[in-house]
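Take a look at the structure below.
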Amino acid sequence: MASVSSQPQFRYTQPPSKVLHLRNLPWECTEEELIELGKPFGKVVNTKCNVGANRNQAFIEFADLNQAIAMISYYASSSEPAQVRGKTVYLQYSNRQEIVNNKTAADVAGNVLLVTIEGEDARLVSIDVLHLVFSAFGFVHKITTFEKTAGFQALVQFSDAETATSAKNALDGRSIPRYLLPEHVGSCTLRITYSGHTDLSVKFQSHRSRDYTNPYLPVAPSAIDGSGQFVVGLDGKKLEPESNVLLASIENMQYAVTLDVLYMVFSSFGPVQKIAMFDKNGGVQALIQYPDVQTAVVAKEALEGHCIYDGGFCKLHLSYSRHTDLSIKVNNDRSRDYTLSNVPMVNAQPSILGQQPVPMMASNPQYSGAQFAPTEQVGMPQNSAGWATGAPQVPQSMAMPMAMHSHPYMPPGAMLPHPGMRHPPGQNGPPQATMAPYRPDGMQ
DNA sequence: AGCACA
C-alpha cells in the first residue's frame with residue numbers, strides 16, 4: 001500500500017461507524033455500564049472497555065449504523081453529556097467498522113486455567129503441589145507446565161468453567177502455602193486467568209505434564225529410570241503415581257520406631273486408617289493408609305526426607321504404594337486397622353520387639369513376607385543415595401517441617417496441626433509422644 | 001480527553 005498519511009490520524013469529525021469510541025471513562029468501567037449507556041439508542045452487540053494506556057477508553061458497537069448515529073446525534077445536541085458514574089464521557093465515531101477481538105481468552109470463563117507462578121523459585125514448584133492446591137476445588141483432569149517469557153506457567157484443566165472459576169477466585173493472587181514447598185523455597189504467588197483451551201493434550205505422564213483421567217498413560221520415555229518402574233523428572237525427583245497408601249522406609253533407625261510413633265507422625269496430616277510394618281532388606285518399612293490420595297500427598301510432601309527424631313535419626317523416605325486398601329487381619333504391634341474395633345487384638349511381645357515373628361504375615365498367606373509389597377521393592381533403594389536427590393536438604397537438627405498451618409483451601413476436616421518435633425528417647429525411656437493425634441469431628 | 005492484540 002502506498003502511504004495515505006495525507007490525512008491526519010484523527011480528524012475532527014470521523015465518518016460514521018457502528019463503532020463508537022469513548023474516552024475519559026472512569027478508571028474501571030464495566031461492560032454492563034457501556035451497554036446501559038448505549039441501550040437507549042439501539043442494540044449494543046459488542047463492547048470493549050479498559051482500553052488504552054490509562055484503561056479509560058472504550059468502544060461500543062451497535063447492530064446498526066443508524067443506532068450509532070442516533071447516539072452521537074443525541075449527545076451532540078444534549079445539554080446533559082454522556083456520563084458514566086457521574087463522569088463526563090466523550091463520544092465519537094471510531095475509525096474502525098467493528099470491534100475486533102473484544103475479549104481475549106483470559107476474559108472468557110472456561111474450564112482450563114492459565115496459572116503463572118511468580119517468584120524467584122517458581123520453577124521449584126512441583127506439578128504435584130499444583131495438583132494438590134487445585135484439587136481442593138474439584139477433580140483436576142490434566143496439568144501441563146511450561147516455561148514462557150511470562151515465567152513458569154501451568155495449564156490446569158477442570159471439568160467445567162464453574163469449578164475453574166471457583167479455583168481462580170480463591171487462588172488468584174495468593175501464594176502457595178509454605179508447608180507445601182521445600183523449606184528454602186521463597187514465596188510463590190499464583191496469577192490466574194482463563195485459558196482458551198478446553199482440553200489439554202497430554203501425551204505422557206512426566207515431570208511437566210499429567211493426565212489424571214488416565215493413570216495408565218505411558219510415562220515419558222525420557223523419565224523412566226533403570227528399573228522401569230518410576231518416573232523421574234529432570235530434577236531427579238520420583239514421580240510415581242500417587243496413592244492413598246504411602247510406603248515408608250526408615251533410614252538410620254537408631255531408635256525403635258513403633259507403630260504408635262508412626263501413627264502419631266502420620267496422623268498429623270489426616271486420619272490414618274491402617275498401618276502395616278514389616279521388615280525388608282534388613283530395614284523396617286511400613287505402609288500407611290489414608291482415606292484419600294490428597295492426604296497422602298500432603299503427608300509425603302511434608303515428611304519426605306525428614307527425621308522422626310532429632311539428630312538425623314530415623315529418617316523417613318516415602319513413596320507411593322500401589323496398594324489402595326491394606327488388608328489388616330489382626331491388630332498387633334506391627335499392624336493395625338484404626339477403622340475397625342472388632343479386629344482381634346494380639347498382645348505385643350515387647351521384649352523382642354524387633355525380632356518377633358509377625359502374626360499377620362504368618363497367619364495370612366496372602367501377605368507372606370515375600371508377597372506383601374513386591375512392587376515397592378523395585379526402585380526403592382534402602383540408601384538415600386540417588387533417592388533423595390530431589391528431597392529437601394534438611395538440617396539434622398530440624399526434624400519436621402516448621403509451619404504446618406492450616407491449608408487455606410482445604411476443607412475444615414483436613415486442617416494440618418503442627419506435627420511437632422520429637423526428641424530421641426532417653427537411654428531407658430520410650431519415645432516421647434508429644435503430639436495430639438488427628439481427630440476430625442466425624443471420625444469414629 | 002483522542003482508537004484496541006493476547
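A, B, ... follow the sequence lines: proteins, then strands. Residue 1 opens every chain.
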Taking atom [atom2] of [N] as reference, at what distance in whole Å does atom [atom1] of [X] sit?
| X | N | atom1 | atom2 | result |
| --- | --- | --- | --- | --- |
| H21(A) | dG2(B) | NE2 | P | 8 Å |
| R191(A) | dA6(B) | CZ | C1' | 18 Å |
| L20(A) | dA1(B) | CG | C1' | 16 Å |
| I60(A) | dC3(B) | CD1 | P | 17 Å |
| R55(A) | dA4(B) | CZ | P | 14 Å |
| Q97(A) | dA4(B) | CD | P | 16 Å |
| R96(A) | dG2(B) | CZ | P | 16 Å |
| Q83(A) | dA1(B) | CD | P | 15 Å |

Would a distance-only check, ignoring hydrogens and angles, find a side-chain to backbone donor-acceptor pair under 3.5 Å from [X] to [Y]?
| X | Y | result |
| --- | --- | --- |
| E251(A) | G305(A) | no |
| Q205(A) | D211(A) | yes |
| E301(A) | V298(A) | no |

_Under 4.0 Å, counting only non-hydrogen atoms across every strand here, what does Y194(A) touch: a base, just sugar-phosphate, or nothing?_
nothing
*Base, sugar-phosphate, or nothing for E61(A), non-hydrogen atoms under 4.0 angstrom?*
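If one applies the 4.0 Å heavy-atom cut-off, E61(A) turns out to touch nothing in the nucleic acid.
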*Is it true that F158(A) and F137(A) have ring centroids separated by less than 6.0 Å?*
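Judged by ring-centre distance (under 6.0 Å), F158(A) and F137(A) do not meet the cut-off.
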*asked:* Using the ring centroid of each side chain, check whether H131(A) and Y212(A) are separated by less than 6.0 Å.
replied: yes
*5' priority, DNA chain B, between N24(A) and V19(A) [closest heavy atom]*: N24(A)
_By nearest heavy atom, map K87(A) and G52(A) onto DNA chain B; which one lands nearer the 5' end?_
K87(A)
*Would you please determine if the base of dA4(B) is stacked by F59(A), with stacking meaning a centroid separation under 5.5 angstrom and planes under 30 degrees?*
yes
*How would you list, by chain and number, every residue that makes a side-chain hydrogen bond (donor to acceptor under 3.5 Å, both in side chains) with Q67(A), sequence neighbours excluded?*
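Counting only residues at least two positions away or on another chain, Q67(A) forms no side-chain hydrogen bond (donor to acceptor under 3.5 Å, both in side chains).
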*In residues 66-78 of chain A, what residues come within less than 4.0 Å of DNA chain B, judged by heavy atoms?*
none
Atom pairs and distances, side-chain donor-acceptor, residues 53-61 of chain A, under 3.5 Å, sequence neighbours left out:
| residue | atom | partner | partner atom | Å |
| --- | --- | --- | --- | --- |
| Q57(A) | OE1 | H21(A) | NE2 | 2.8 |
| E61(A) | OE1 | I99(A) | N | 2.7 |

